[in-house]
Amino acid sequence: MEHVRIGIRPIIDGRKAERANLEDKVMNMAYAAKELIESNLVYLDGKPVECVVADTTISGSAQARDCAEKFSKENVAATLSVTSCWCYGSETMDTDPKTMKAVWGFNGTENPGAVYLAAVLSAHAQKGYPAFSIYGKDVQDKSDSSIPDDVKEKILRFARCAVAVGTMRGKSYVNIGSVSMGIQGSYCSDEFFQKYLGIRPEFVDMTEVLRRMKQGIYDEEEYQKAYEWTKTYCKEGFDNNKPEMQHTREQKDSEWEFIIKMTMIIRDIMKGNPKLKEKGYYEESLGRNAIAGGFQGQRMWSDWQPVGDFSEAILNSSFDWNGVRQPTILATENDTLNATSMLFGQLLTGGASVFADVRTYWSPEAVERVSGWKPEGKAANGFIHLINSGAAALDGTGRCKDQQGNGVMKPWWEVTEEDMKACLEATQWCPASAGYFLGGGFSSQFRTAAEMPVTLMRVNLVAGVGPTLQIAEGYTIQLPEEVHQIIDKRTDPTWPTTWFAPRLTGEGAFRDVYSVMANWGANHGSFSYGHIGKDLITLASMLRIPVSLHNIADSEIYRPHCWSGFGSRELEGADYRACGYYGPLYR
């Protein structure tokens, strides 16, 4: 995979005396920014993000052209212009409509980097090229080559989100099947994917899974490896079906074989597999260049074939029979919008994203009524039950451990073999609920067993607006065992459970937990490890997607500078107006 890069543009005053005085300073800024980004950020494959610096400082349109020509050959997705002095704004700015843009103006009194910053941001606003402003709050000496912490934060947030935008561009979303049970998120919006994300939607009928299975279009050697691994590490759980509806041992054994092959085949459809070329299946070996996908499942599949829960859960996890590897995003019920949420989370954290129904709000009063326990701690204001039969990554068990022994979710390249075994040990695979899934199969069953900071998110499509993003930072919480058992068994006990407490602000949709649940835009949501809401807001602004719900402090919000031209007092309204005016990134 060719990585996208960050291009760094050192800007300088073209006058001879000024150039001689500041050449080294400006180039040092460029290389300091390069070092900062490359030593702190990584791509989805775990390799360091790469930066490209212009061959010369840029003092006018000729050198700006030379820089643009170089960047066009280097797969540059975003540019960071840096300067410590006055320069000629509209003559030196990046005018490529496809790149994300930021400008760092050095805060020093000897030379007015801030004046250039203000002038060039004005040019960006007037010409319609949104750019992020980077300016340290404290004055530095001219000889100071360090990058202040507040400047570092903005450079890294800009670069992290810009790399995410560039990574999506040119990839595919693979719909395996179509719409599940009338769920609106299952309707794949070609316009949304192509115009807002730069992703090509692809469509594959679910019968393609059966064709490949029947004709042996998979790697038999890998299947044997996967089968032995599954027998060893994937424990079959309790059968919650009525005795007369339970499948025989022979049926269950056959279903295990089926779902293992199905998992391999879905991965191959999305990613390709060179082994298939060796078998004479060149087209199938290529895959679909997928960065994400979804599986329809219900009901045309699961009414007569084993359910896709195993495939979805294993593919979304950070490991399988081949060991630790990058998760493959596969949304249950082909919820394309929740797959997008999962993708955003993975791009910003490098870790697995956990798919769930945003199923039930439990008030403190209701918990005490049914269990006799009065919620306390992070559960004191109530909590939300996140649960779904399908694509909950096993990383969501919370059994990966950091150096202090705390339960966490990790970037996939940091997951250890011990982490993998712990997640598998905490998971059992229960025979699918026959009332839902007549074709059988197995659903993952676990409980998130750690108090972790997480961010719940959801992309929605709203008529008259377009895509919007919802964000709720909070924590997974632990309930007393007897309380968990009482309230978990009120729904299907064979599915994975996470108890989630959003962080409240006392205002708007976050005045209480009930309001968060009441304002959530769909039946599904996705959560990723850590409090990444501020990064999501920056990413959404790059994609021209307004944020309709969040619990991030105003001081943490970082959007293009020209957003303030759409209003500075009420930031949510300004975000809607700016996104509405600029429209999708790929028009």
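The analysis underlying the following values was restricted to heavy atoms, covering all of them including side chains, and did not include hydrogens, waters or symmetry mates.
- Between V163 and L41 the shortest side-chain heavy-atom distance does not fall below 4.5 Å.
- Between F383 and the choices I487, T476, T360, the side chain to side chain contact (heavy atoms under 4.5 Å, CB included) rule is met once, by I487.
- By the 6.0 Å and 45° rule, K378 stacks over the aromatic ring of Y475.
- A 4.5 Å side-chain heavy-atom check between K231 and W256 finds every atom pair outside the cut-off.
- The main-chain N or O of D419 is never found under 3.5 Å from a side-chain atom of K401 such that the two would form a donor-acceptor pair.
- A donor-acceptor pair is defined here as one N or O able to donate and one able to accept, closer than 3.5 Å; such a pair exists between the side chain of T455 and the backbone of G530.
- Classification of E417 and K421 as a salt-bridged pair holds, one side-chain N sitting under 4.0 Å from a carboxylate O.
- Taking a 6.0 Å sphere around CZ of R211, one finds it holds more than 12 heavy atoms contributed by other residues, nucleotides or ligands.
- T349 places no side-chain N or O within donor-acceptor distance of the main-chain N or O of Y529, the cut-off being under 3.5 Å.
- Between K252 and D239 there is a salt bridge, with a side-chain nitrogen of the basic residue lying less than 4.0 Å from a carboxylate oxygen of the acidic one.
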Query raised in the report: Can F446 and R399 be said to form a side chain to side chain contact (heavy atoms under 4.5 Å, CB included), step by step?
Result: CA-CA 11 Å; F446 63 76; R399 299 305 176 102; over 6 Å; no
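- T448 places no side-chain N or O within donor-acceptor distance of the main-chain N or O of G398, the cut-off being under 3.5 Å.
- Ring pair Y436/W495 is tilted by interplanar angle, where 30° to 60° counts as tilted.
- Contact between A450 and Q478 at its shortest, heavy atoms only, is N-NE2, 3.1 Å.
- Side chain of D512 to main chain of S515: a donor-acceptor pair is present (N/O by atom type, distance under 3.5 Å, no hydrogens or angles).
- Remark: D492 does not engage R359 in a salt bridge, criterion side-chain N to carboxylate O under 4.0 Å.
- Within the 3.5 Å criterion, the main-chain N or O of L210 finds no donor-acceptor partner in the side chain of T207.
- Here the CG atom belonging to N338 is positioned 9.0 Å from the CG atom belonging to N460, to the nearest 0.5 angstrom.
- Formation of a donor-acceptor pair under 3.5 Å by the N241 side chain with backbone atoms of Q246 is not found in this model.
- The number of heavy atoms from other shown groups lying within 6.0 Å of CZ (F203) is above 12.
- Contact detail for S528 and G345: the closest heavy-atom pair is OG-CA, 3.3 Å.
- The pair R447-E481 meets the salt-bridge criterion, since a charged nitrogen lies less than 4.0 angstrom from a carboxylate oxygen.
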Report task. Would you sort out whether C234 and W229 count as a side chain to side chain contact (heavy atoms under 4.5 Å, CB included), showing the intermediate values? Result -> CA-CA 8 Å; C234 297; W229 179 87; 3.9 Å; yes
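- In this model, no donor atom of one side chain and acceptor atom of the other lie less than 3.5 Å apart for N289 and E202.
- Residues L549 and A509 share a closest heavy-atom pair of CD1-CB, 3.7 Å.
- The environment of NZ in K235 is crowded: more than 12 heavy-atom neighbours from other residues, nucleotides or ligands sit within 6.0 Å.
- A donor-acceptor pair under 3.5 Å links the side-chain atoms of N334 to the main chain of S178, judged by distance alone.
- A donor-acceptor pair shorter than 3.5 Å cannot be found between the side chains of T505 and N551.
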Query raised in the report: Checking side chain to side chain donor-acceptor pair (under 3.5 Å) for the pair Q428/Q445: CA distance, chi angles, key distance, verdict?
Result: CA-CA 5 Å; Q428 57 181 327; Q445 193 268 354; 3.0 Å; yes
Requested in this report: Quick one: do T494 and N240 satisfy side chain to side chain donor-acceptor pair (under 3.5 Å)? Show the steps, please.
Outcome: CA-CA 7 Å; T494 68; N240 196 51; 5.9 Å; no
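- No donor-acceptor contact under 3.5 angstrom links the side chains of Q346 and W412, judged on distance only.
- Within 6.0 Å of the CZ atom in R200, the count of heavy atoms belonging to other residues, nucleotides or ligands does not exceed 12.
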Query raised in the report: Can you list the steps and then say if V516 with F510 is a side chain to side chain contact (heavy atoms under 4.5 Å, CB included)?
Result: CA-CA 6 Å; V516 178; F510 287 90; 3.6 Å; yes
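- Aromatic ring centroids of W520 and Y361 lie 6.0 Å or more apart.
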Hey, can you pull the donor-acceptor pairs under 3.5 Å for the side chains in residues 185-195, sequence neighbours left out?
unit_1: S186; atom_1: OG; unit_2: E333; atom_2: O; d: 2.6
unit_1: S189; atom_1: OG; unit_2: F192; atom_2: N; d: 3.1

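- Counting heavy atoms of neighbouring residues, nucleotides and ligands inside a 6.0 Å radius, atom NZ of K279 exceeds 12 of them.
- Between S311 and M262, the closest heavy-atom pair is OG-CG, 3.7 Å.
- Here E221 does not pair with K225 in a salt bridge; the nearest charged N to carboxylate O distance is not below 4.0 Å.
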Requested in this report: Check the pair F442 / F310 against ring-ring contact (aromatic ring centres under 6.0 Å, His included), numbers first and verdict last.
Outcome: CA-CA 6 Å; F442 299 87; F310 178 83; 8.4 Å; no
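- Within a 6.0 Å sphere centred on CE of M213, other residues, nucleotides and ligands contribute more than 12 heavy atoms.
- S254 contributes atom OG, which lies 10.5 Å from atom CD1 of I259 (distance to the nearest 0.5 angstrom).
- The environment of CZ in F238 is crowded: more than 12 heavy-atom neighbours from other residues, nucleotides or ligands sit within 6.0 Å.
- With R544 contributing its side chain and M542 its backbone, the two residues share a donor-acceptor pair below 3.5 Å.
- The backbone N or O of N519 sits less than 3.5 Å from a side-chain atom of Q470, completing a donor-acceptor pair.
- More than 12 heavy atoms of other shown residues, nucleotides or ligands fall within 6.0 angstrom of atom CZ in R325.
- Ionic pairing of D535 and R157 is present here: one or more N-O contacts between side-chain nitrogen and carboxylate oxygen are shorter than 4.0 angstrom.
- Counting all heavy atoms, side chain and backbone alike, S548 lies closest to Y576 at CB-OH, 3.0 Å.
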